[in-house]
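Read the structure below first, then the notes.
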Amino acid sequence: MLGSMLQLAGDEDRRISLQTQTSCGVWPCEASGRKAACSGTEQKRVSDWYDNMDTRIRSLLASETAQTGVHIQGWVRTRRDAKGISFLEINDGSCLRNLQVVVDAHASGAELLPRCTTGASVSVWGDLVPSPAPGQRWELRATQLALIGPADSSYPLQKKGHSLEFLRTIAHLRPRSNLFGAVFRTRNRVACAVHEFFQARDFLWVHTPIITASDCEGAGEMFQVTTLKGLPGERPEDDFFGRRTYLTVSGQLEAEALACALGRVYTFGPTFRAENSNTARHAAEFWMIEPEAAFFDLQADMDLAEAFLKAMARHVLETCGEDLDFFERFVDKQVRARLTFVVERPFVRIPYAEAIRILQASGRAFEFKPESGHNLQSEHERFLTEEHFRAPVIVHDYPRGIKPFYMRLNDDGETVRAMDVLVPGIGEVIGGAQREERLEVLMENLRYHKLKPEDYDWYLDLRRYGTVPHAGFGVGFERLLMFLTGMTNIRDVIPFPRTPGHAEF
RNA sequence: UCCAGAGUAGCUCAAUGGUAGAGCAGCCGGCUGUUAACCGGCGGGUUACAGGUUCGAGUCCUGUCUCUGGAGCCA
């Protein structure tokens, strides 16, 4: 047991830093290798707790030496029987690979082997020894086997590949598949990298409301939050909050308030859109990252967006190697090449007007003719990023009429300081802007967009008192993950997707 | 919401309008330090649902449902 604990020193450090992250202010991240200072008492407490834990398979597979008295727990992926000996492939979710457990007929608990079928959970004690057969460096020679939870033949996951459509119908079990294990490990890693990126740049993580009364420039249909029973005669004033409230579609307006005090902030939380849009890129509940920074102009905003995407790509390349290999093999042969490309090459930046000129001069027969004053269609975005430039493209300075009221008006009076980052395969992954900080212009923008200034009174206060130029953007976390993993359906990068007609789990 | 495609065994898929099949999974047996193990055997179906055409429909027609892809909207 001692041997295995020594092997785990790295893990233990991470546990400790997790326990103490609030005091050091450093966001804990396995990849960062940074440790927080912590008291000896805490270290002892964590150690005591950890002594009783099993060893993660990821640590064992990375072991440099043989170990005795190892304890693992996980789920059986498959069992192969030979004469007087059985091989169990055990996965505990810590990594893509399984640990081969060798159980001979004399091992304690060997009589349980017939019930150790695919899907069953087991607890195994044994010795980590070099494997005599090719296929794996280490294997666990079991001294004791315990069956925790059997899984009968109705267990739906088989050893062979399943379609993504089928796996979606068993969203509660699909994390046990190779693919979804890899996806959700990567999701965790990227979430961690998001915090690292912003914390390293002095952005504070702020928590904006989930329940909101402002419908944020109509960024989409909203889910209403109510305690009313739908009885006749009920008025909005009778509702819980004394008014109509909704689930947030964006934390941006509130983030602006915090940015205009703390300087640099970001949100990272759930977001809800009640749009009846049924596509591979839309979910009714998703996670969004929204940095907002005082004294940033559009240029700085674009710099930040580009640095952000590059950092996320680099992080996945550097810390998700095994899972990325899996994506490259079974999901998207180009994914690693694309991430490398994103890290190494500068993004193309073109004004909207230039984008329209390129599209019009392309000679391509688009279904929708590219026309100034209209939104870029999916096919236009695809052409720019996948064919013309073959790189991420930032399109900026859009016509005023197709962008929201809060975007800063350019001196031409026609365009606003907006930017969209387009990436191959997904299209728009980031949308942002420099915000209108001039009170009079903002009021005029509200009127232009036929909105009532009195509905935005607190937001206008930010311009009445100590206004500053500021900018920000929004990133759909799941779309980011799609880009980073090569997965092509948003429902396959979020554990329990919510889409129109679906809230099953 | 619109357009297109699909729905057959637990899973992945076959089947000119003419007796619904295979591989895998499962179960039984055999073999083996195995590696998506292998070999033999067995069970497994309201062909999404409801109508219609036909001597006869998994196949053709109509409607409904579901899923997938694309579009719109967007992140």
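Predicted model only: the values in this text are computed from it and were never measured. Proteins come first, then strands; the chains are lettered A, B, ... in the order of their sequence lines, and each starts at number 1.
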Taking atom [atom1] in both [N] and [M], compute the distance separating them and give it to the nearest angstrom.
N	M	atom1	value
B/C61	B/A22	P	29 Å
B/U19	B/C24	P	26 Å
B/A57	B/U47	P	12 Å
B/G10	B/G26	P	15 Å
B/A48	B/U59	P	8 Å
B/U34	B/G7	C1'	39 Å
B/G30	B/A20	C1'	32 Å
B/G5	B/G45	C1'	25 Å

Collect all protein-nucleotide pairs involving nucleotides 26-32 of chain B in which both atoms are nitrogen or oxygen and the distance is under 3.5 Å.
residue : atom : partner : partner atom : Å
B/U32   : N3   : A/D81   : O            : 2.7
B/U32   : O4   : A/D81   : O            : 3.2

note = Note: for A/E504 and A/V475 on RNA chain B, the residue whose nearest nucleotide lies more 5' is A/E504
ask   = When you match A/R79 and A/I430 each to their closest nucleotide on RNA chain B, which lands nearer the 5' end?
value = A/R79
Rounded to whole Å, please give me the gap between [atom1] in [X] and [atom2] in [N].
X	N	atom1	atom2	value
A/L422	B/A75	CG	P	12 Å
A/I494	B/A75	CD1	P	16 Å
A/I426	B/G69	CD1	C1'	16 Å
A/M487	B/U68	CE	P	13 Å
A/F87	B/A36	CZ	C1'	16 Å

For residues 493-505 of chain A, tabulate all N or O donor-acceptor pairs below 3.5 Å that involve a side-chain atom, not counting sequence neighbours.
residue : atom : partner : partner atom : Å
A/R498  : NH2  : A/F505  : O            : 2.4
A/H502  : ND1  : A/E504  : OE1          : 3.3
A/H502  : ND1  : A/E504  : OE2          : 2.6

message = Quick test of your reading of the model: are A/R174 and A/D492 salt-bridged, counting only N-O distances below 4.0 Å?
response = yes
Taking only N and O in the side chain of [X], is any of them less than 4.0 Å away from OP1 or OP2 of [N]?
X	N	answer
A/N489	B/U68	no
A/R491	B/G69	yes
A/R77	B/U35	no
A/R273	B/C74	no

Is a side-chain donor or acceptor of [X] paired with a backbone partner of [Y] at a separation under 3.5 angstrom?
X	Y	answer
A/Q434	A/A471	no
A/T118	A/R77	yes
A/T415	A/N410	no
A/K310	A/R345	yes
A/R408	A/D297	no

key: Test applied, ring pair (Phe, Tyr, Trp, His ring centres under 6.0 Å); reference residue, A/F383; option that passes from A/F366, A/F389, A/F368   = A/F366
Donor-acceptor pairs under 3.5 angstrom involving side-chain atoms of residues 104-113 of chain A: please list them, not counting sequence neighbours.
residue : atom : partner : partner atom : Å
A/D104  : OD1  : A/H106  : N            : 2.7
A/D104  : OD1  : A/A107  : N            : 3.2

Write down the protein N/O and nucleotide N/O pairs, taken from nucleotides 4-10 of chain B, whose separation is under 3.5 Å; answer none if there are no such pairs.
residue : atom : partner : partner atom : Å
B/G10   : N2   : A/Q158  : OE1          : 3.4
B/G10   : N2   : A/Q158  : NE2          : 2.6
B/G10   : N3   : A/Q158  : NE2          : 3.4

task = Give, ordered by number, those residues of residues 297-305 of chain A having at least one heavy-atom distance below 4.0 Å to an atom of RNA chain B; if nothing qualifies, reply none.
result = none
remark   = Note: contacts of residues 283-294 of chain A with RNA chain B (heavy atom, under 4.0 Å) are A/A283, A/F286, A/M288
task = Establish, yes or no, whether the cationic atom of A/R349 lies under 6.0 Å from the six-membered ring centre of A/F347 and within 45° of the ring axis.
result = no
inquiry  = Taking any heavy-atom pair under 4.0 Å as a contact, classify A/E478: base, sugar-phosphate, or nothing.
reply    = nothing
query = What does A/I490 touch in the nucleic acid at a heavy-atom separation under 4.0 angstrom: a base, only the sugar-phosphate, or nothing?
reply = base
Would a 4.5 Å heavy-atom cut-off, applied to side chains only, mark [X] and [Y] as touching?
X	Y	result
A/I57	A/N98	no
A/H470	A/L462	no
A/E436	A/Y406	no
A/Q136	A/R97	no
A/W138	A/V70	no
A/P270	A/I210	yes
A/V342	A/V423	no

query = Angle class for the A/F184/A/F180 ring planes (parallel below 30°, perpendicular above 60°, tilted otherwise)?
reply = tilted
inquiry  = Using 30° and 60° as the class boundaries, would you call the ring planes of A/W205 and A/Y266 parallel, tilted or perpendicular?
reply    = parallel
inquiry  = Within the 4.0 Å limit for protein heavy atoms, which parts of nucleotides 40-48 of chain B are touched? Write it as a string from 5' to 3', B for base, S for sugar-phosphate only, - for none.
reply    = ---------
Close N/O contacts between protein and nucleotides 70-72 of chain B (under 3.5 Å):
residue : atom : partner : partner atom : Å
B/G72   : OP1  : A/Q377  : OE1          : 2.2
B/G72   : OP2  : A/S378  : OG           : 3.0
B/G72   : N2   : A/N276  : O            : 3.4

ask   = What stem regions, each of at least 3 consecutive Watson-Crick or G-U pairs below 3.5 Å, can be found for RNA chain B?
value = B:1-7 with B:65-71, B:10-13 with B:21-24, B:26-30 with B:38-42, B:48-52 with B:60-64
Indicate every side-chain donor-acceptor pair of residues 121-129 of chain A with a distance under 3.5 Å to a residue at least two apart or in another chain.
residue : atom : partner : partner atom : Å
A/S121  : OG   : A/G149  : N            : 2.9
A/S121  : OG   : A/G149  : O            : 3.4
A/S123  : OG   : A/H71   : NE2          : 2.7
A/S123  : OG   : A/Q73   : OE1          : 3.1
A/D127  : OD1  : A/G69   : N            : 3.0

inquiry  = Going by side chain to side chain contact (heavy atoms under 4.5 Å, CB included), A/L484 matches just one of A/V335, A/L324, A/V316, A/V429. Which one?
reply    = A/V316
query = Quick one: which of B/U35, B/A37, B/C74 gets closest to the side chain of A/T78?
reply = B/A37
message = Just to verify, what does A/Y448 make a ring pair (Phe, Tyr, Trp, His ring centres under 6.0 Å) with, not counting sequence neighbours?
response = none
ask   = With sequence neighbours excluded, what pairs up with A/F477 under the ring pair (Phe, Tyr, Trp, His ring centres under 6.0 Å) test?
value = A/F268
